[in-house]
Amino acid sequence: MAINFFSEDIPFDLKPKNSYKKWLREIAGEEGFKIGELSYIFCSDEYLYSINLEYLNHDTYTDIITFDNSEDEDIIEGDIFISIDRVRDNAKTQGTDETEELKRVVSHGLLHLMGYKDKTEEEERLMREKENQAIGKF
């Protein structure tokens with residue numbers, strides 16, 4: 001049961017790591033999940049863009065890409081790539097604090113691994129609700 005944080009292509013150090021780990025375990029636990037191996041990789045726009053193009057065939061910039069590696073239904077395993085450039089830009093655009101936006105995106109990736117989607121209006125509304133609940137627990 002490990003949650004790891006890495007940085008690729010940019011200098012970034014998530015702090016306080018232990019608070020984030022405890023928070024993520026709490027979010028998962030409340031939904032009936034345990035975290036197995038979960039990696040967050042913080043990177044630049046260009047790094048995430050290249051992943052988006054290579055693995056998903058999407059020619060767009062994005063703030064997050066989540067790869068689900070889970071083998072058991074109730075144990076979360078995956079790799080979550082987050083563009084710190086996008087997080088910073090989104091925070092400015094939405095008039096919110098960068099730390100709050102980071103928490104939103106970090107929880108968003110975990111919610112995807114727990115089965116939440118955001119393709120339809122209804123799914124997106126529920127995802128935002130779950131993100132807000134998660135942020136409130138930090």
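When hydrophobic clusters are built by joining Ile, Leu, Val, Met, Phe, Trp and Tyr residues whose side-chain heavy atoms come closer than 4.5 Å, directly or via intermediates, I35 is grouped together with L113. Put simply, I10 and F6 are part of two different groups of oily side chains (I, L, V, M, F, W, Y) that touch within less than 4.5 Å, one to the next. Under the 4.5 Å side-chain heavy-atom criterion for Ile, Leu, Val, Met, Phe, Trp and Tyr, L111 and L38 are members of the same hydrophobic cluster. Both W23 and I82 sit in one connected hydrophobic cluster of ILVMFWY residues. Membership requires side-chain heavy atoms under 4.5 Å apart, directly or through other members. Hydrophobic clustering, with ILVMFWY side chains joined whenever heavy atoms are under 4.5 angstrom apart, groups I84 together with L24.
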Item to check | Candidate pair H58 and I65, rule side chain to side chain contact (heavy atoms under 4.5 Å, CB included), full reasoning | outcome: CA-CA 11 Å; H58 296 164; I65 295 176; over 6 Å; no
Checklist entry - Can you list the steps and then say if I3 with K17 is a side chain to side chain contact (heavy atoms under 4.5 Å, CB included)? => result CA-CA 9 Å; I3 301 172; K17 283 183 179 73; over 6 Å; no
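Atom NZ of K130 and atom CD of Q133 lie 5.0 Å apart (nearest 0.5 Å). Note that CG of L102 and CZ of F138 are 9.0 Å apart. Values are rounded to the nearest 0.5 Å. Taking CZ from R86 and CD from E101, the interatomic distance works out to 11.0 Å, rounded to the nearest 0.5 Å. Taking CD of E100 as the reference point, atom CD of Q94 lies at 12.0 Å (rounded to 0.5 Å). One distance of note links CG of N52 with CG of D59; it measures 8.5 Å at 0.5 Å rounding. The structure places CG of D74 at 13.0 Å from CE of M114, a figure rounded to the nearest 0.5 Å.
Here the side chains of K15 and Y20 are not in contact, with every heavy-atom distance at 4.5 Å or above. E77 places none of its side-chain heavy atoms less than 4.5 Å from the side chain of D72. A heavy-atom distance below 4.5 Å is not found between the side chains of F67 and I80. At least one side-chain heavy atom of K137 sits less than 4.5 Å from a side-chain heavy atom of E30.
Nearest heavy atom pair, residue I76 against residue A28, reads CD1-CB, 4.1 Å. Minimum heavy-atom separation, V87 to E98: CG1-O, 4.0 Å. Residue Y49 comes nearest to T60 through the heavy atom pair CD1-O, 3.4 Å, listed as atom of the first residue, atom of the second, then distance. Closest non-hydrogen pair, I64 versus L48, comes out as N-CD2, 3.8 Å. The minimum heavy-atom distance linking Y47 with S44 is given by the pair N-OG, 3.2 Å.
Shown are E31, E123, H108; of these, the side-chain contact (heavy atoms from CB on, under 4.5 Å) with Y116 is made only by E31.
Between the side chain of N4 and the backbone N or O of S39 there is no donor-acceptor pair closer than 3.5 Å. The backbone N or O of R128 sits less than 3.5 Å from a side-chain atom of N132, completing a donor-acceptor pair.
Judged by distance alone, the side chains of D68 and S70 do bring a donor and an acceptor atom under 3.5 Å apart. For the residue pair S83 / D45, a side-chain donor-acceptor distance below 3.5 Å is found, with atom types taken as modelled. Looking at Y40 and D79, their side chains never bring a donor and an acceptor atom within 3.5 Å of each other.
Counting heavy atoms of neighbouring residues, nucleotides and ligands inside a 6.0 Å radius, atom OH of Y61 exceeds 12 of them.
A salt bridge links E129 with R125: at least one charged nitrogen is closer than 4.0 Å to a carboxylate oxygen.
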